[in-house]
Amino acid sequence: MSAEPDGPEDRVRRFATIWSRAVFPATSTSLTRPEFEEQLLPLARRLSEMLRARTFDAAEGRAVGAALVDAHCTDPEALTRALDCIDAYLVLYCGEDGPQDDLRARSARLQHAVAAGFAQALRERTLAEQEAIAQAALRAQGVVAQALHTSEARFRAVFEGAAIGIGIADLDGHVLEANQALLRMFGGSEQNVRGRNFREWTHADDAPQVWRLYEELVRGEREHYHVEKAFYRPDGTVLWTNLTVSLLRDADGNPQYQLALMEDTTERRLLNLRLRYEATHDALTGLPNRTLFFERLEKVLNAGEGRRFGLCYLDLDGFKTVNDSLGHAAGDRLLVEVADRLQACATAPGEMVARLGGDEFVALTTGPDSRREVDELAARIMNALVAPVIVEGRELTVRGSIGIVEGAAGERSAAEVLRSADITMYRAKSAGGNRFELADAEADARVITRHGLTTALPAALERSEFFIEYQPLVHLGDGSVRGAEALVRWLHPQHGVLGPDRFIPLAEHTGLIVPLGRWVLEQSVRQARDWQERHAGTATAPLRINVNLSPCQLTHAGLVQDTVDILQAAGVEPDALCLEVTESALIGADDDLLKPLRRLAEMGVDIALDDFGTGYSNLANLRRLPVSILKLDRSFTQGMQQFPADPVDLKIVEGIVSLAHSLDLAVTVEGVETGAQAEQLRILGCDTAQGWYYARPGPPERLHELALVDATG
Ligand code: C2E
Ligand code: MG
Ligand code: MG
């Protein structure tokens, strides 16, 4: 047996097998089950493709529904089973590489389209059948009255045996005949139907043309009509039908009877409604979902001149913590409670609340004074969140950040409005959360640039738009250059040179930091080898290279192997490399996170704790970390700029240095801009320094020259 993992085609095939097993018992096909499976296989392939297609094409889904009818799956039970099976297995077998929420949403839409296609095809088929029956009835015209005609028998057979309901009424609407199927539809008893008048059967949902068509028919002005019509059954329940009424004329061509053919569509309609509901509502909270919200928002935005809208985009603050610490069940309960409270905030006509996903909700208002209304709505929402939510006996404080967008219809698309709201919500969040902010075009533009940078990042790496500058690390004792820190820059085709603060956070957010970081490491290590080769023969120790590591790189499984490979490929010893990790990345780090660093340290790579003093790490904890160098943050150096230096800063630095040395850690200082600072830091016992006083970050050749100068000078 082969141990190969299943390919996509194998998985589609397995889905088709399951699908055919589920549906086969409910079909009236003459095929065997395996033959039936072969028939379903191409449909399964189409579903699988649609599941992963970039854009959703409802017509494709409807075609699959119609194909099911062609495959003799005409029983409503067959449809139910087919949909249940898609619901349970399609994402499982055909969607493993995509984001599950999106795939599930897509699967729901697919089911909806399949059901719609199924219903449509079945209806067309029934219409064709009805047409045939009507023809038979017409051929027997007149015979209803003159009971002895030879074709009576034939008509009777069709009449009684038909699966669809057939009734005959006179022109006043009195029902003269009804077959069993029709009686069953109305509850089974004859007096519910026979002798009653068709005109009694009005229903609140009757389309306006229903009774006009009826009148035209009985007046002899039309031969037949076809409508979808609801009836009340005697027990008060509603029966939905596809109704075709034909006029029967006597031998002289005068209208004589009307023949009604009706097909019971109640179940299918309910199924459709259910599917529509499921496709447009959030299963957890019962709120309208993103799809329905978009439909509503689009309708409002297309409503034309004069209409205004206001939208609150809410994201809970710190919801992830609840999920992580109390579990998803507690998180879910919190969301349900929040959903209930939100719903109570937006009860006026034209107001709506929806859940977009996760802990994101939106509330929409469409009144004329939308500016005031949306402000009040946001205030109501903030207010509704004030009381803590009780989950599993704990009181949870709920806070949220809201982005508000308000405006006139017809100016922006729904997607643009939502994006602006999202951006504004993030602004509220980064201002500390628990507040609302109003959208403003300028702030949007800034974020959109950021968004643009984010999307341009991957291509930038491919197009080699990044480059590295090196800033020397200088020994405070003798002023010699000991190495350099690699600092990455992006030469953006439009924005020029961008510093790492502009794009490293974005790269971290998108995961691109891993390949980018690997590239920086590769380049820097190669550069170090270059310097070493050029320095061979001088008396100085080989130049070392410092490379920054992002927190995401720390958790990336390939870190140790990549580093080893890069060092080996360049022929550089591990002790020529120092990896800088920020203090904040290691606060509270557990053993799993430290393991790769520890392995690197064991190999001889130095680990430096960067920006030390900006986090609040427990100094006693330093012993636990595999670091050998502390890089004191620039803020300490800044305190020494004035003269005399801030005595508190001096004391702190002195304390840190002596603690570091007692733990066998070397101390580097960053941001040294003046000779006075350098001197001060030397007296305090710092080992190496880095800063503009020595050199700004620059091209690699510069460093080579600097190092050479002090090697020979
Ligand atoms: P960092 O590792 O603390 O790097 C030192 C920063 O201080 C650099 O800013 C450097 O240009 C700046 N600097 C150096 N001397 C002075 C001085 O005398 N005065 C002042 N005011 N500033 C000085 P830069 O290049 O903008 O880098 C910012 C941060 O970006 C770095 O902070 C580092 O955390 C990150 N970074 C840079 N390159 C990389 C990289 O390749 N990978 C990762 N993950 N992060 C990087
Ligand atoms: Mg650094
Ligand atoms: Mg630093």
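Start at 1 and go down the list; that is how both ligands and their atoms are numbered. All values below come from the heavy atoms of this structure, side chains included, with hydrogens, waters and symmetry mates left out. Predicted model, so just to flag it, every value in this text is computed and none were measured.
Below 3.5 Å of separation, one finds no N or O of Tyr693 facing any N or O of ligand 1. Geometrically, ligand 1 and Gln471 share a nitrogen or oxygen pair separated by less than 3.5 Å.
Taking 2.8 Å as the threshold, Asp611 does not count as a candidate ligand of the Mg ion (ligand 2), since none of its N, O or S atoms lies below it. Note on Asn548: counted as a metal contact of the Mg ion (ligand 2), an N/O/S atom lying under 2.8 Å. Within the coordination shell of the Mg ion (ligand 2), defined by N, O or S atoms under 2.8 Å, Glu670 is absent.
Contacts of Asp501 with ligand 1, taken as heavy-atom pairs under 4.0 Å, involve the side chain alone. Counting heavy atoms under 4.0 Å from ligand 1, residue Arg696 does not touch it at all. Contacts with ligand 1 closer than 4.0 Å are made by side-chain heavy atoms of Arg634 only, the backbone lying farther away. With a 4.0 Å heavy-atom cut-off, ligand 1 is reached by the side chain of Glu485 but not by its N, CA, C or O. If you look at Val488 next to ligand 1, the close heavy atoms, those under 4.0 Å, come from the backbone and the side chain alike. Within the 4.0 Å heavy-atom criterion, neither part of Val547 lies near ligand 1.
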Could you go through Arg399 and Thr397, starting from their C-alpha distance and side-chain angles, then the distance that decides it, and tell me whether this counts as side-chain hydrogen bond (donor to acceptor under 3.5 Å, both in side chains)?
CA-CA 7 Å; Arg399 297 270 178 269; Thr397 311; 5.5 Å; no
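A salt bridge does not link Arg419 to Glu416: none of the charged side-chain nitrogens sits closer than 4.0 Å to a carboxylate oxygen. A salt bridge is defined here as a Lys NZ or Arg NE, NH1 or NH2 lying under 4.0 Å from an Asp or Glu carboxylate O, and Arg634 with Glu670 fails to meet this definition. Electrostatic pairing of Lys651 and Glu654 counts as a salt bridge here, judged by a charged N lying under 4.0 Å from a carboxylate O. For the pair Glu522 and Arg518, the salt-bridge criterion is not met [side-chain N within less than 4.0 Å of a carboxylate O].
Distances from atom 13 (N) of ligand 1 to the heavy atoms of Phe466, Tyr694, Trp692 show the closest one on Trp692. Heavy-atom proximity to atom 25 (O) of ligand 1, evaluated over Glu469, Arg489, Glu670, is greatest for Arg489. Scanning Pro500, Pro697, Ala608, Gly499 for the heavy atom closest to atom 27 (O) of ligand 1 points to Pro500. With atom 1 (P) of ligand 1 as the reference point, the heavy atom nearest to it among Asp633, Val672, Asp610 is part of Asp610.
A donor-acceptor contact under 3.5 angstrom links the side chains of Thr285 and Asp282, judged on distance only. Thr582 and Asp611 form no side-chain donor-acceptor contact under 3.5 Å, judged by distance and modelled atom types alone. Asp606 and Ser628 are linked by a side-chain donor-acceptor pair at a separation below 3.5 angstrom, with hydrogens and angles left out of the test. For the residue pair His556 and Asp562, no side-chain donor N or O sits within less than 3.5 Å of a side-chain acceptor on the partner.
The angle Glu580:OE1 - the Mg ion (ligand 2) - Asp610:OD2 amounts to 90°, with values rounded to 10 degrees.
Which parts of ligand 1 touch Glu673 is read off a 4.0 Å heavy-atom cut-off, strictly below it: atoms 17 (C), 18 (O), 19 (N), 20 (C), 21 (N). Against a heavy-atom cut-off of under 4.0 Å, Glu580 is close to the following atoms of ligand 1: 2 (O).
Ring-plane geometry between Phe503 and Trp490 is classed as perpendicular, the angle between the planes exceeding 60 degrees on a 0 to 90 degree scale with a lower cut at 30.
Tested against Leu506, the residues Leu457, Leu512, Ile513 include a single side-chain contact (heavy atoms from CB on, under 4.5 Å) partner, Leu457.
At least one cation-pi condition fails for Arg534 and Trp531: the charged atom is not both under 6.0 angstrom from the six-membered ring centre and inside a 45 degree cone around its axis.
Taking the Mg ion (ligand 2) as reference, Glu485 places its N/O/S atom OE2 nearest.
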